[in-house]
There are 2 protein chains.
Amino acid sequence: MVRLAMTQPQVELRREEILDAALELFERDGIEAVSFRRIAARLDCSYSAPYRYFASKHELLTALRARAFRWIEQRMVDAIGVSSSPIEQLRMLARAYMDAALELPDRYALMFFDIGDDDLDPSPELVEAKRAALGVCTRVVAAAEKAGQLSLRVDPLSASHLFWCGAHGLVSLQVGSQFVMGRAYETLAPMMIDTLIAGLKAPPP
Amino acid sequence: MVRLAMTQPQVELRREEILDAALELFERDGIEAVSFRRIAARLDCSYSAPYRYFASKHELLTALRARAFRWIEQRMVDAIGVSSSPIEQLRMLARAYMDAALELPDRYALMFFDIGDDDLDPSPELVEAKRAALGVCTRVVAAAEKAGQLSLRVDPLSASHLFWCGAHGLVSLQVGSQFVMGRAYETLAPMMIDTLIAGLKAPPP
DNA sequence: CTATTAACTTAACAGTGTCAACAATTGGTC
DNA sequence: GACCAATTGTTGACACTGTTAAGTTAATAG
């Protein structure tokens, strides 16, 4: 068997370099500034070189999105560390998610908005990053349920979906001021969390 | 004063023709197929002609988005007509919104996803279309509250925001299979509606 | 009929993603 | 050390894109 010119770790390192350059461009000048030409200029290589490491721009953005999901997961993990009660952990987690999204709205938009087709060729890395992020939420919900602080109306996975959907809906409508919010985020965010918790506590009809 | 070559209604008519062509392209081949060149080809005019009616592509897409908001508003209005109880109207309205979004996911994605900057130069037409659509929801929530079917925990406008955020979050995560949904839409959708209603009915803590 | 003016066309610019052909460099084998 | 294969990087090109400027056509007002 013939050895590769670059060892596997070296390839991974170059990928990370390219992603770093792409991320810098993105954070500085937004999604429209992310182009193979500009990335190449930053890395002092030709505009076609990154194609050896990413088959398409979609693939590159997908890798960037996976990074963003790991970032927001970390934000949630950090948030739940400081509180004790599971239901309070859930509150902090949801709040941390929404705060992070509004803190770096462009990054959050990248996670969900600028998408061509995600069904075809789903990146395992991205799927795993999403799964891990949701996992944080699911575990806290399950803990709250086990502690008797949430009724058994719905299973933990479904309940965590509801929280995720509620939080995502709120911040994604807020992010680009895409909606005429008659109410401010600071009042709506705890309202959403409390309403969902109250709804999950309520006995089934 | 000098008369215009086109009367005001004629200008509006031409705008609609351009939007019709753009919409056909969009519905057939997606957002990437919407370009001034392709629109012009469909209208048998030069690729620069539409610039007389839309200052930029963003403005054209904004007009298309306003159309989409009026469309989903109509879907909600149609849905609430068939039920009587306000709380049931609310259920039907939310369900109609989500069903419409999943029925034409690309159109729904256009409404929220493909956006450059919405803050600068906010189109009055789009703002009004959004306001009108939310108004449908707000009125039904207010009616439910007045009928005593919802507690007074939060005001109707805030409550309608919660419904909108919940519904939007659910379908927008579902639309591009952007999330690893461990639970199907058919189970999550009524779950979200019921949980929010139950949460709003619950007494304040 | 003429002059004005709006509607339209053409050409061009500065970008973009993507791919094919070519050069350079590297690493293992004899 | 020399050779060879494979991989990495470069250049050029294609087919697009949004957008603007200059020039053209056509219709209308006086």
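Computed from a prediction, not measured in an experiment: that's the story for all the values here. Throughout, a chain's letter reflects where its sequence line sits, starting with A, and its residues are numbered from 1.
Listed here is the closest heavy atom pair of A:A198 and B:A202: CB-CB, 4.0 Å.
A perpendicular orientation is assigned to the rings of A:Y108 and A:Y97, their planes being inclined by more than 60° (bins at 30° and 60°).
The interatomic distance linking A:L25 (CG) with C:dT16 (P) rounds to 10 Å, in whole Å. What separates CZ of A:R15 from C1' of D:dT8 is a distance of 16 Å, to the nearest Å. Residue B:E59 contributes atom CD, which lies 14 Å from atom C1' of D:dG18 at whole-angstrom precision. The interatomic distance linking A:Y53 (OH) with C:dT18 (P) rounds to 18 Å, in whole Å. Counting to the nearest Å, the P atom of C:dT16 and the CD atom of B:E32 are 16 Å from each other. Residue B:I18 contributes atom CD1, which lies 12 Å from atom C1' of C:dC8 at whole-angstrom precision. Rounded to whole Å, atom P of D:dA15 lies 14 Å from atom CZ of B:R38. Distance, A:L60 CG to C:dT18 C1': 14 Å, rounded to whole Å.
For the pair B:A33 and A:A49, both in contact range of DNA chain D, the more 5′-proximal nearest nucleotide belongs to A:A49. Judged by closest nucleotide on DNA chain C, B:C45 is the one of B:C45 and A:K57 placed further toward the 5' end.
Ionic pairing of A:D20 and A:R42 is not present here: no N-O contact between side-chain nitrogen and carboxylate oxygen is shorter than 4.0 angstrom.
Phosphate proximity of C:dT10 to B:S46: absent, as no side-chain N or O sits under 4.0 Å from OP1 or OP2. For the pair A:R52 and D:dT10, the criterion of a side-chain N or O lying under 4.0 Å from OP1 or OP2 is not met. Taking only side-chain nitrogens and oxygens, A:Y51 never comes nearer than 4.0 Å to OP1 or OP2 of D:dT8.
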Given ring-ring contact (aromatic ring centres under 6.0 Å, His included), test A:F112 with A:F69 step by step and report yes or no. CA-CA 10 Å; A:F112 294 105; A:F69 272 97; 5.5 Å; yes

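Which of D:dA13, D:dT19, D:dT10 sits closest to the side chain of A:Y47 comes down to D:dA13. Ranking C:dC8, D:dT19, C:dT18 by closeness to the A:R37 side chain, first place goes to C:dT18. Which of D:dT19, C:dT18, C:dT16 sits closest to the side chain of B:F36 comes down to D:dT19.
Using a 4.0 Å heavy-atom cutoff across all strands shown, A:S48 reaches at least one base atom of the nucleic acid.
Close placement of the B:F113 and A:F113 rings is indicated, their centers lying within 6.0 Å of each other.
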